[in-house]
Amino acid sequence: MTDPLAPSAPATAGASAWVTVDAAAIRDNVAELVRRAAPAQVMAVVKGDAYGHGIVTAARAALAGGAAWLGVAQLQEALALRAAGVEAPLLTWIFPPQADLGAALDAGIEVTVGSAWSLRSAVAAARERGQAARVQAKVDTGLGRGGVLTDWEEFTLELARAVAEGSVELTGTWSHLAWADAPEHPTVRAQQERFAAAVDALRRVGLDPGLRHLANSAATLTTPAAHLDLVRPGLAVYGLSPVPDLGTPADFGLREAMRVTARLTQVKRARAGQGVSYGHEYTTPRDTVLGLVPMGYADGIPRHAGNAGPVQVGGRRYMVAGRVCMDQVVLDLGPDFDGAPGDEVTLLGRGADGEPTAQDWAEAAGTINYEIVTRMAPRAPRVVVGDER
Ligand SMILES: *Cc1c(COP(=O)(O)O)cnc(C)c1O
């Protein structure tokens, strides 16, 4: 095997299925994003267990590739990174009013304040610790999700008071795009303009906005005007294209970091007319050979991919036959199949040798590549290859 994503046998001995993560690919993807974004800095987004790739592995590889920052959604994810010994600058943007922002402060985690209550929580934690909280202000410039939407002027005044009393230090100001994957969409320009106006409003009350950031993967790759001081790519870090209609990963100088492999657990003859899997939504059209792949929706294989999900066996592409079960899928391997139980099958990879990609699965399941990799469940062990472990 020449595929660098094919791990050595001992790492997977006895496993039914596993997820190989190429840390060198993550490192190199980040290096490419750093090159594209310069002089803006790169915050590698490692939320959602690094889109299924493993948060600590991905964080270390991203830092090796030149990421200056790491970004996570939940405060718990940030604390987990610190507990694993990751010391890089770290920003979180999701926590409830009950969260312990004192713990964030102690761990040197920067918190996003995107509402009056979150700013007050940060101020309260800072007063209690007798130490300024490093915060980044989030303005909703049109996504209609997180951040201050209608009360920005009022918010800037409260923020200015908190900075003046020394309870917070404003290190950044940011927002998120609604249509970054459609670079020509008028909202992309409009959100940049609203963001600039929000930054001006901060300056009018005497605040330095700190690092200004707006760009996710799609904007990092397609809208240089939105790079500002820092970009926040997630998907591209893992070598997937956020704009599959505009370019493949290779077109953007990226390579996929995940491969999903399983071993056939049964290979058996079946007669024509045999119903396959729950509800018999597939019936063998002729005498054939059925193969069992020990991955199902408990492992993150989308149930929507029944009769559609692609799997490569012995260099050939097959489609899942019938429904995806919790623990397995069935393949109709054809009458001449000469493989055996224990043979490796590839559910997704880079596609270089004809294996299905995350994008192929996304199309088969009616979803996006983001969801395919992120939902890969922990039951399949992660095997890290590449030089950054
Ligand atoms: C997830 C996320 C990102 C990364 O988005 P990608 O499309 O994966 O690059 C950036 N910023 C915020 C606020 C996010 O939630």
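Whatever order the structure lists ligands and atoms in, that order sets their numbers, starting from 1. Quantities reported herein were computed from a predicted structural model and do not represent experimental measurements.
For atom 9 (O) of ligand 1, the nearest non-hydrogen atom of the protein is Ser217 OG, 2.5 Å. Here the protein heavy atom with the shortest distance to atom 2 (C) of ligand 1 is Lys47 NZ, 2.5 Å. Distance from atom 12 (C) of ligand 1 to its nearest protein heavy atom, with residue and atom name: His176 CE1, 3.4 Å.
Ion pairing of Asp49 with Arg382 is absent here, as no side-chain N (NZ or NE/NH1/NH2) approaches a carboxylate O to less than 4.0 Å. A salt bridge is defined here as a Lys NZ or Arg NE, NH1 or NH2 lying under 4.0 Å from an Asp or Glu carboxylate O, and Glu281 with Arg323 meets this definition. Between Glu193 and Arg189 there is a salt bridge, since at least one side-chain N of the basic residue sits less than 4.0 Å from a carboxylate O of the acidic one.
The parts of Arg232 lying near ligand 1 are both backbone and side chain, judged by heavy-atom distances below 4.0 Å. When heavy-atom distances to ligand 1 are checked against a 4.0 Å cut-off, Arg145 comes that close only through its side chain, counted from C-beta outward.
For ligand 1, the polar-atom distance check finds an N/O of Gly234 within less than 3.5 Å of one of the ligand's N/O atoms.
Side-chain contact check for Thr141 and Gln191: at least one donor-acceptor pair (N or O, by modelled atom type) lies under 3.5 Å. Checked by atom type, the side-chain pair Thr171/Glu110 shows a donor-acceptor distance below 3.5 Å.
Partner of Asp332 under the salt bridge (charged side-chain N to carboxylate O under 4.0 Å, His left out) criterion, out of Arg316, Lys268, Arg286: Arg286 alone.
For ligand 1, the atoms closer than 4.0 angstrom to any heavy atom of Tyr51 are 1 (C), 4 (C), 5 (O), 6 (P), 8 (O). Under a 4.0 Å criterion applied to the non-hydrogen atoms of Tyr370, ligand 1 contributes the atoms 6 (P), 7 (O), 8 (O). Atoms of ligand 1 found under 4.0 Å from any heavy atom of Trp174, numbered from 1 in the order shown, are 13 (C). Atoms of ligand 1 lying under 4.0 Å from at least one heavy atom of Pro233, given by number and element, are 9 (O). For ligand 1, the atoms lying closer than 4.0 Å to a non-hydrogen atom of Leu235 are 6 (P), 8 (O), 9 (O).
Taking both residues in full, the closest heavy atoms of Leu81 and Ala59 are given as CD2-CB, 3.7 Å, listed atom of the first, atom of the second, then distance.
By the neighbour-count criterion of 12 heavy atoms within 6.0 Å, atom NE2 of His304 is sparsely surrounded, having that number or fewer from other residues, nucleotides or ligands.
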